[in-house]
Amino acid sequence: MAPIALDNTPIAAPAQSSLEDIAALKAKLQAGKDNVVLPPDNTLRRYQKAGIDLSNGYPYFPEKIPEYVQDVGKIRDNLREYKDPALRADKEKKSLFGAAKEVKDLTKWIGTEIVGLQLKDLTDKQKDELALLVSERSIVFFRDQDISPQQQRDLGVYLGDGEIEKHPQAAQVPGVGGGITLIWEQGRKDKIYNGRSHRVPYGGGQFGWHTDLVHEAYPPGYTHLHQDTVPEVGGDTLWASGYAAYDKLSPAFRKVIDGLNGVYRSAHSYKDQNDPEGGKKHVERTHPLVRTHPVTGWKALWINQAMTSHIEGFDKPESDAILNHLYNVFERSTDIQLRWHWTPGTSAIWDNRTTIHTVSYDYDGERHGTRVSSLAEKPFFDPKSKSKAEDLQLKGWVNTPDVKSRY
């Protein structure tokens with residue numbers, strides 16, 4: 001991509017971000033250059049305010065992209081000790097809730113919105129309590145956020161106990177040292193979304209329902225997506241609760257899958273060092289089908305149709321039969337799902353350990369966001385752990401009759 005030239009004259013962010021101001025700014029950035037790639041207007045305003053350097057082009061891609069699947073599999077494969085900040089939190093979350101104008105649950109089982117707080121201004125105590133809230137409710141939203149990519153990264157480092165995911169291949173914000181990836185179709189090199197068909201289930205998305213970076217040895221715990229540019233209509237994101245999906249299974253079926261391992265694959269594929277001329281392969285990693293959350297102690301179903309390959313040790317027909325039933329429960333149970341309509345400047349922080357998510361591809365125009373993924377613990381299953389419904393003795397979930405009909 002052609003670089004964006006910036007002279008030494010400082011370019012101030014427009015006070016009112018008027019159409020005239022942003023047009024003048026874009027004209028200055030594009031002066032004398034061909035094929036200059038610029039982010040959307042809202043994003044450009046945000047970047048200029050944050051001092052993001054666009055002089056080397058947009059977006060940024062790592063200079064040395066790993067070529068072989070073996071190299072990618074070794075990234076962040078070293079042992080790490082992760083202490084979830086939620087373990088330090090006040091159980092009543094008095095500091096976080098006391099500072100908010102409003103705290104409202106969006107559905108019964110998943111999702112909370114906090115009104116009146118800026119993520120960039122949270123104290124460490126409030127960050128710990130936010131982590132606990134996300135651990136319990138799976139996703140928390142904040143609208144009207146004035147947060148720079150750098151501040152978003154710093155929050156991610158805090159939630160990741162010092163470490164965030166730095167993708168070796170994806171488009172990223174330039175000049176910030178990596179770790180802030182883009183949710184922006186126009187910025188993808190693979191152009192995978194070109195020629196989208198609306199006849200494909202789930203809107204023809206690349207992945208459909210999925211969980212991020214399941215091929216990692218230490219996949220993300222908290223994921224923070226800030227959407228600075230969104231379509232007026234469509235482009236919603238949906239999440240489903242892994243806690244509740246697990247609790248929808250019969251006690252006998254839970255015993256079948258407890259302790260089983262699945263094989264999870266990467267979204268991207270790479271060459272094989274042992275067969276360079278052969279087809280590309282995905283990075284694969286073995287993790288539990290049901291994982292125990294280190295903060296709540298609750299079990300969560302941790303499978304997703306896009307990136308769960310098979311169950312370890314099972315024949316394919318056996319594995320498919322079990323996984324297809326789990327996908328069916330997870331993806332079709334609307335009572336354990338949340339659908340969120342974005343507005344510009346909204347941040348969502350969700351627990352990648354207890355959810356699946358997908359986007360609704362029913363929109364035109366641009367959708368641009370910055371994402372920071374905080375790496376967490378190695379997924380584990382504790383046979384002594386309980387489900388959320390068991391632990392809280394939730395009415396309608398425990399001691400219920402068997403389901404006699406198909407659903």
Side-chain angles (χ1 to χ4, degrees), residues 1-4 6 26 29-30 33 35-48 50-67 71-72 75-76 147-153 156-157 164-196 205-207 210-216 220 223-231 235 237 266-270 280 282-283 306-307 342 344 347-348 352 357-359 361 363 365-375:
M1 295 184 180
I4 300 172
L6 291 176
K26 291 167 70 175
L29 291 171
Q30 294 172 324
K33 298 294 180 180
N35 301 319
V36 171
V37 176
L38 291 177
D41 291 358
N42 278 356
T43 310
L44 187 56
R45 296 184 185 104
R46 180 181 174 220
Y47 283 2
Q48 290 299 307
I52 298 296
D53 180 12
L54 301 178
S55 60
N56 293 316
Y58 189 79
Y60 164 76
F61 288 94
E63 293 182 3
K64 295 183 179 180
I65 296 176
E67 186 176 5
D71 295 331
V72 179
I75 296 176
R76 292 183 296 275
I147 188 169
S148 69
Q150 299 95 320
Q151 291 165 333
Q152 184 182 359
R153 178 198 57 204
V157 170
I164 59 175
E165 180 262 351
K166 294 185 178 181
H167 203 285
Q169 188 168 358
Q172 301 176 38
V173 176
V176 294
I180 310 175
T181 55
L182 303 182
I183 304 299
W184 189 41
E185 292 183 26
Q186 289 84 341
R188 296 185 67 99
K189 283 186 175 180
D190 52 24
K191 305 301 179 186
I192 196 166
Y193 294 101
N194 288 359
R196 177 185 302 146
Q206 179 188 6
F207 301 132
H210 66 283
T211 302
D212 294 336
L213 302 165
V214 291
H215 69 284
E216 294 268 5
T223 298
H224 178 185
L225 174 59
H226 179 84
Q227 295 269 45
D228 46 42
T229 302
V230 295
T237 304
S266 60
H268 296 88
S269 57
Y270 305 84
K280 290 187 175 181
H282 296 272
V283 180
M307 297 167 190
W342 297 92
S347 281
N352 201 57
H357 63 277
T358 188
V359 64
Y361 286 98
Y363 65 94
E366 288 189 284
R367 184 176 184 269
H368 183 288
T370 54
R371 180 183 61 191
V372 175
S373 298
S374 305
L375 298 182

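Applying the side-chain hydrogen bond (donor to acceptor under 3.5 Å, both in side chains) criterion to T370, with sequence neighbours excluded, gives R46, Q152. The side-chain hydrogen bond (donor to acceptor under 3.5 Å, both in side chains) test applied to R367 returns T237, not counting sequence neighbours. Applying the side chain to side chain contact (heavy atoms under 4.5 Å, CB included) rule to S374 yields the partners L159, I164, Y222; only residues at least two apart in sequence or on another chain are considered. Applying the ring-ring contact (aromatic ring centres under 6.0 Å, His included) rule to H368 yields the partners W184; only residues at least two apart in sequence or on another chain are considered. By the side chain to side chain contact (heavy atoms under 4.5 Å, CB included) test, N42 pairs with R45, T229, P344, sequence neighbours left out. Applying the salt bridge (Lys or Arg N to Asp or Glu O under 4.0 Å) criterion to E216, with sequence neighbours excluded, gives R76. Applying the side chain to side chain contact (heavy atoms under 4.5 Å, CB included) test to P66 and every residue at least two apart in sequence or in another chain returns D71, V72, I75, P168. Applying the side-chain hydrogen bond (donor to acceptor under 3.5 Å, both in side chains) criterion to Y60, with sequence neighbours excluded, gives no partner residue. V214 is linked by a side chain to side chain contact (heavy atoms under 4.5 Å, CB included) to T211, Y264, W302, N304, M307, counting only residues two or more places apart in sequence or in another chain.
E366 contributes atom CD, which lies 7.5 Å from atom OG1 of T43 (distance to the nearest 0.5 angstrom). Interatomic distance, I52 CD1 to L44 CG, rounded to the nearest 0.5 Å: 11.0 Å. We find the CZ-CG distance between R371 and L225 to be 7.5 Å, quoted to the nearest 0.5 Å. Taking OG from S148 and NE2 from H226, the interatomic distance works out to 9.5 Å, rounded to the nearest 0.5 Å. Atoms NE2 and CD1, from H224 and I180 in turn, are 10.5 Å apart once rounded to the nearest 0.5 Å.
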Atom pairs and distances, donor-acceptor, side-chain atoms in residues 170-178, under 3.5 Å, two or more places apart:
from: Q172; atom 1: OE1; to: G179; atom 2: N; distance (Å): 3.3
from: Q172; atom 1: NE2; to: H167; atom 2: O; distance (Å): 2.8
from: Q172; atom 1: NE2; to: A170; atom 2: O; distance (Å): 3.4

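When only modelled atom types and interatomic distance are considered, T358 and H210 share no side-chain donor-acceptor pair under 3.5 Å.
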